[in-house]
Every structure is written in structure tokens, then in C-alpha cells.
Number of protein chains: 2
Amino acid sequence: MIPPRRITLKDLARELGVSTATISNAFNRPDQLSPKLREHILTEARRLGYSGPDARARSLRTGRSRIIAVMLAESLTYSLNDAVSSELLSGIAEVLDTRGHTLLLLSGRQNAASVPGASSIADGFIIYGLMPSLKLFSDLPPERPLVAVDFDIEDHATVHVDNEPGCYAIARHALRTPTRRPAVINLRLTEQPCNGRIGDDQALLSAERTITRARLAGFQRAFVEAGIDPAEVPMWNIEENTFKVCTPVIEEILDLPDAERPDLLLCMSDRIALTVVTLAEQRGLRIPEDLRLTGFDGIAEGQYRAPRLTTIRQDSTEKGRIAARMILGMEPAESRVMTTEMMIGDTCP
Amino acid sequence: MIPPRRITLKDLARELGVSTATISNAFNRPDQLSPKLREHILTEARRLGYSGPDARARSLRTGRSRIIAVMLAESLTYSLNDAVSSELLSGIAEVLDTRGHTLLLLSGRQNAASVPGASSIADGFIIYGLMPSLKLFSDLPPERPLVAVDFDIEDHATVHVDNEPGCYAIARHALRTPTRRPAVINLRLTEQPCNGRIGDDQALLSAERTITRARLAGFQRAFVEAGIDPAEVPMWNIEENTFKVCTPVIEEILDLPDAERPDLLLCMSDRIALTVVTLAEQRGLRIPEDLRLTGFDGIAEGQYRAPRLTTIRQDSTEKGRIAARMILGMEPAESRVMTTEMMIGDTCP
DNA sequence: CTGAAAGCGCTTACAG
DNA sequence: CTGAAAGCGCTTACAG
């Protein structure tokens, strides 16, 4: 049996007795030939099983693939199941779609060694979250546009959120009600991986290396302003923003003796805060009477479920849209900081 | 200023005084040249800003891109934010990752007219959910492998879940406890879009056109067995599996007079069931005393939040892994039906 | 172990 | 409106 070789543009041209240029024009530049001929070509193409110019050849020839790669700092598994990055991706996808572009998913973590070779097919890159190794950048084609989301990279456009002011605002709100034992639950903030209480001796990542450092700075500004010494506020750290990883740390906190258990928890994500809600309910702790708490992100789950989360909403979908528009040249590729919005829910009225 | 043209393999070869084949081998076939020379080439390449063979040219030459396209029946926005399809995608991504492949996201809905031209870059296609128009298939390169997930397509491999038996099992479980007013909340099952009660005159989609028809069949088999006439069981329909779209329909149900309000709701998804939980709590309805309900999917949110959902768990991540392995030829591309598992939670003990 | 050369399937000035 | 021809950047037998 002869392998069913794919029919090419050239085959089709020969078959129809026209030049390859004419076939190409029929698909790409309708104005370059008569509607009648074009119709004929398209019909015959379909009949003969030719489904249009091959994207591989086309992208080599034109230098454009209409593919934008999104490189995620986290594993794809995590990113796809996390509400915040899913929102970001859907904002990106939405804009790409309307412009006939398509999204290639890349994981910056997969084999920390290198970016998959296929990535150089993309016309541009959106990088989300801080990469473990900057080396990965050097593997990307230097002449293609690149937008960084949620971190800074020299000489490239970035989209950000005002983490410090947002966290300052929500902490200030929370501290208006007297608190005896405030605490902070951080997200991946320690130099060494740590799931649990942060000791005095533990080094924190610098602001250049994690976005959550700015969130902590916001909390601490509010503490100082409220006359609380930040050094006296106990802090915990969580390594991954999932129910599973959050659970043991939060159990540790909630299972402290009554006299030690915090009565206010400033959480660096809604996922953390929602896990607190679930585990507090299981223990019969009343929210907000026994325990007040705040989140960060404003994900949907935190807003329709009771008790509604008091949180800082960041519009991740819009963040994705902006990054996509920058990559496509639909708006200037500059440094953008988006504002956040405080949402007062039931967990910290 | 001279545009910073990208350095090519040929440039590099000239620069280093070796042939292009040698450069190519340095990147692709380490055994074809001395380690010493290879090291030299790689070092120089990096120094000169050459980040490896261009994927566009490579894919044209070899006929392989190491890209697998996933085509989603729903919009990308919906799919990325839905727990079930996110799980599927992460299963796919996980397997592709380990084999150095990469995932291209395609929406089957975007412009129902045609698949974006870039899609023919992919080495294979995974199609998830039923497409609105089969015409889209004919736009795909016919000689490349294709796996269908959650529906059948002639002459192609498929991955499925046992919808009918799963739904039969959970309905039978639910009907063991006496019920006076059972009801079903369907997911996109009517011929004409409908958000609300399904009238007697309303046509339902055929089993070939929706997966949820099989779910209903399972419910109905259990009704018959329990001596209940399925025609007497009121049914509602929901068009999109999101909190927002579910809400008005479920409010309509829960706000019925006590004597008419169902005491058992068989829901075709966990999202629907979770929305019922939220809205029932707001109304002071007790679960399961006043209202019992079951879901379908087994998503994480339904399991860690109280009350825990009674549901049918399908392993969407594994479904994605299988589809990906089939596409990559790691396992036979055949027709697979995965079994589901009943999980008894608090909403229908 | 290395080099010269063909060709993957297109698009695009250019000439007619 | 159409055709002949160059060339995008690689990989791969093949000969040496």
C-alpha cells in the first residue's frame, strides 16, 4: 500500500493547471485573482483533500507562525488547575483568538535544563511568574518580543499588580478591629523551602525573586502604623498554593492552644484563605467571631461560597489580555502596573 | 541601525569553519562528532547568540514539530476555568512534557468557520468534546493521528468514561432512601438552548450529539427500577457549567413552594451540585435533611468543602494522560472506556 | 568523523 | 490577473 502522502500546493497547482502562486493567492490574497477562479480552486482543493497551505512551510517562509508561547514558571499541572493562572491564560487566549493567533503552553520548570526546541516556533513570548533560572531566557530567540507578567526583566515590557499597596490597604482594614494575635501566612517566601512556621533565623527571598515579598511589605507597613512590631507577628510559609499543601500548615495553626491561636490571619492568596475556612469550619471555629481572615486574588470560588472572603481582587484575566495585546503590538509594550480592589466579605467585615 | 537579524546555523558554520551538517549534528546527534568539537560548537553558539536550530525550518524539514494540538469544543475561556477540562489538559500536558512535546491550544468554537491555519503545524490532534460542526475535522491534515475524548468519531481512537453505568449507580444509591419529589438537572441536553425547566414538548439531543444523554439514560434506568415513571420526574436544563449560568435555574428550583420543591436533585456535574449547595445554604435549606443531591465529576472543590458532595468520580487527568499516550504512540490507539467510581459524601449519604 | 548538496512546502517580488 | 524562480533555515543520506 502506498503511504497516503499528503497532497501539496504544488500537486494541486499541477492538477488544476495553474501556477503555485495562484493557489497560494487563492488561500491568502483573495484580491489577487478572480472570485470565479478562486472559488474553483477552493472547491477542487477540498475535493482533493488539500486543507490549505502547510503551516510549517508557511511559517518558515514568512517568518511568522501566528503562535504565541506562554511560559509558566510553575508546572503546567499546577498552572492549569490554579484559578489565578487559569484566568490569566484565558485572558491571553481570548485576545489571541480574536486575532487568529494560537497559544502554545510551555513549562519553565519541566526540565530546568532547557526550553523545548519547539518553542522557537513562536512569534512572541509571555513569561508568567519568576523563572527558576534566567538561563532559560537566553534560550529564547532574542529578536522576538517578550512580555513579563508579575515580575521584572530588564529591557522588556511587564504587566504587574500593585501588591504592596493592596496588601497595605487590606491589612489596615483588618487592623481597624482590635486584634490580639495577628499572624501572616506567606506564599513561597523563604529562601529554603519551608512548609510551616518561619523561624527568626530563616532568610526570606528578595523582592526581585518573589512577588510575595511586596505583599509582606504591605502587611508590615500597616502593622507598624497600627503600633504593632512586625517582628512580633508570627509568620508561616506555604510552598505551593494548593489545598493539599496548605492543609498541614493550616492545621498546625488552627490546632494551637486557644491562647496561642491567631485571631487574625492575613493570607497571601485566596486558596490559602479558603483552606483556612474549610479547616476552621471542621473545628467548629466561628468566622469572623473566633477568627478573622483575609485573602488575595479575588478568585470566583471565594466569592460565591459562604462565608464570602474579604480579599484583594486582582483582575488576572485583564492582566492576560494586556500582556497578549502588548505581544501582538495592539498596545505599547511598556511597564504597566494594574490597580487592585479591596472586597470586603464576611471573613473580615 | 542594522536590524539584528537572527544568526542562523549557516552563519555559525561559516564562522567556525565547519559544515552545516556538523553544527546540526552538534545539536541533534551527539554521537556523530567528537565530544570536544561538540563542546566547542555549543560554547561558540551560545557566545554568538545562536540558541539552536530554528523550529520552523526544522519542522518543515523533518515533518515533525513535537507539538500536539488540543482542540476544545468549548471556548478556551470556559475550558481553562472549568475544573474538569483543566484536569484533562493537565494530564495531557504532563505526558507531553515527559516526552519533550508541547501543547497547542485550539478552540473549536472561536470562529466556527475554520481551524486557525497554524494548527497544521501539529504532529497530532486531541479533540475534546463534541464539535459543533464536523466540517472542522476536514480542515485537519488527514494523515496525522487524532484521538477523540468524550465522543466517538469514525476510524479514530477514542477515550471515554462509562457515563450510563455511573449515573445508574449513583441514582440507584440515591433512590434507596425514599424520595417524594426527585428531579434531574441536565447539562446542555436540549435541542434548543434552554436555561430552565424542560417542557414535555422539548426535543433532547441524541446520544451521538451529547455525552449527557447517556447520563440521563443511567438516571432513568434507576428510576424505572425503583418503580418511578421517568416521565413524571421534572427536569431542568443548564446551558453552561458555570456558577453564573447555573444560578438562575437553581434559584428557580429552590424557590418553588415547599410542596413542589424537589427533595432529591440528580445533577449532571459537580459545578451544578456545588451551586445548589451554595444557594440552598443561603436559603436555610438543610442538606441532606431537606434536600439531597448528587453530582458528577468528582472535582476537588466538591471534596474538600463541606458538605462533601456525593458524586461519580471520573479521572479526567488520567483520561488526558491516556489520550496523550495514544497520540504519541506510547499505547495502542484504540477505543477505551474508563470506569468511574462512586463517592458517597454528605449531600446524599 | 566531516562536507557538499538536495529538498522539505510554501510565499513573494517581479516580469509579463 | 498569472507564471517562473528564488529562497526561508534546516536535516539527511551519501561520498569521502
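Each chain gets a letter, A, B and so on, in the order its sequence line appears, and its residues count up from 1. This one's a predicted model, so the numbers in the text were calculated from it and none came from an experiment.
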request  = Could you check D31(A) against T20(A) and say which one's nearest nucleotide on DNA chain D is further toward the 5' end?
outcome  =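 Counting from the 5' end, the first nearest nucleotide belongs to D31(A).
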Return the nearest nucleotide to the side chain of [X]; candidates are [options].
{"X": "V18(A)", "options": "dG3(D), dC1(C), dT11(D)", "result": "dG3(D)"}
{"X": "R61(A)", "options": "dC8(D), dT12(D), dG9(D)", "result": "dC8(D)"}
{"X": "L9(B)", "options": "dC10(D), dC1(C), dA4(C)", "result": "dC10(D)"}
{"X": "A21(A)", "options": "dT12(C), dA4(C), dC1(C)", "result": "dT12(C)"}

Can any side-chain N or O of [X] pair as donor or acceptor with the backbone N or O of [Y] at less than 3.5 Å?
{"X": "T158(B)", "Y": "D152(B)", "result": "no"}
{"X": "D123(B)", "Y": "S65(B)", "result": "yes"}
{"X": "R188(A)", "Y": "E239(A)", "result": "yes"}
{"X": "R336(B)", "Y": "H160(B)", "result": "no"}

message = So F27(B), base contact, sugar-phosphate only, or nothing? Heavy-atom distance under 4.0 Å.
response =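 F27(B): no heavy atom of the nucleic acid under 4.0 Å.
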task = Identify whether any heavy atom of R29(A) sits under 4.0 Å from a base atom; if not, whether one sits that close to sugar-phosphate; answer base, sugar-phosphate or nothing.
result =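 Answer is sugar-phosphate: R29(A) comes under 4.0 Å of backbone atoms only.
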Can you measure [X] atom [atom1] to [N] atom [atom2] for me and round it to whole angstrom units?
{"X": "K10(A)", "N": "dC8(C)", "atom1": "NZ", "atom2": "C1'", "value": "10 Å"}
{"X": "N28(B)", "N": "dG9(D)", "atom1": "CG", "atom2": "P", "value": "17 Å"}
{"X": "D11(A)", "N": "dC8(C)", "atom1": "CG", "atom2": "C1'", "value": "13 Å"}
{"X": "N25(A)", "N": "dC14(C)", "atom1": "CG", "atom2": "P", "value": "15 Å"}
{"X": "L12(A)", "N": "dG9(C)", "atom1": "CG", "atom2": "P", "value": "14 Å"}
{"X": "I7(A)", "N": "dC10(C)", "atom1": "CD1", "atom2": "C1'", "value": "14 Å"}
{"X": "D54(A)", "N": "dG7(C)", "atom1": "CG", "atom2": "P", "value": "18 Å"}
{"X": "L60(B)", "N": "dT11(D)", "atom1": "CG", "atom2": "C1'", "value": "10 Å"}

ask   = In the strands shown, is dT2(C) matched to any nucleotide by a Watson-Crick or G-U wobble pair with both distances under 3.5 Å, and which?
value =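 Answer to the pairing question: dA15(D), which forms a Watson-Crick or G-U pair with dT2(C).
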inquiry  = Among N28(B), L12(B), L42(B), which residue satisfies the side chain to side chain contact (heavy atoms under 4.5 Å, CB included) criterion with I23(B)?
reply    =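 Of the listed residues N28(B), L12(B), L42(B), the side chain to side chain contact (heavy atoms under 4.5 Å, CB included) partner of I23(B) is L12(B).
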ask   = Quick one: on DNA chain C, does T62(B) or L33(B) contact a more 5' nucleotide (nearest heavy atom)?
value =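 Its nucleotide being nearer the 5' end, the pick is L33(B).
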request  = With DNA chain C as reference, determine whether Q32(B) or A57(A) sits nearer its 5' end, using the nearest nucleotide of each.
outcome  =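 That would be Q32(B).
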ask   = Does OP1 or OP2 of dG9(D) have a side-chain N or O of R56(A) closer than 4.0 Å?
value =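 So the side chain of R56(A) is outside the cut-off, no N or O lying under 4.0 Å from OP1 or OP2 of dG9(D).
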inquiry  = Side-chain N or O of Y50(B) versus OP1/OP2 of dG9(D): is the shortest distance under 4.0 Å?
reply    =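 No, no such contact exists.
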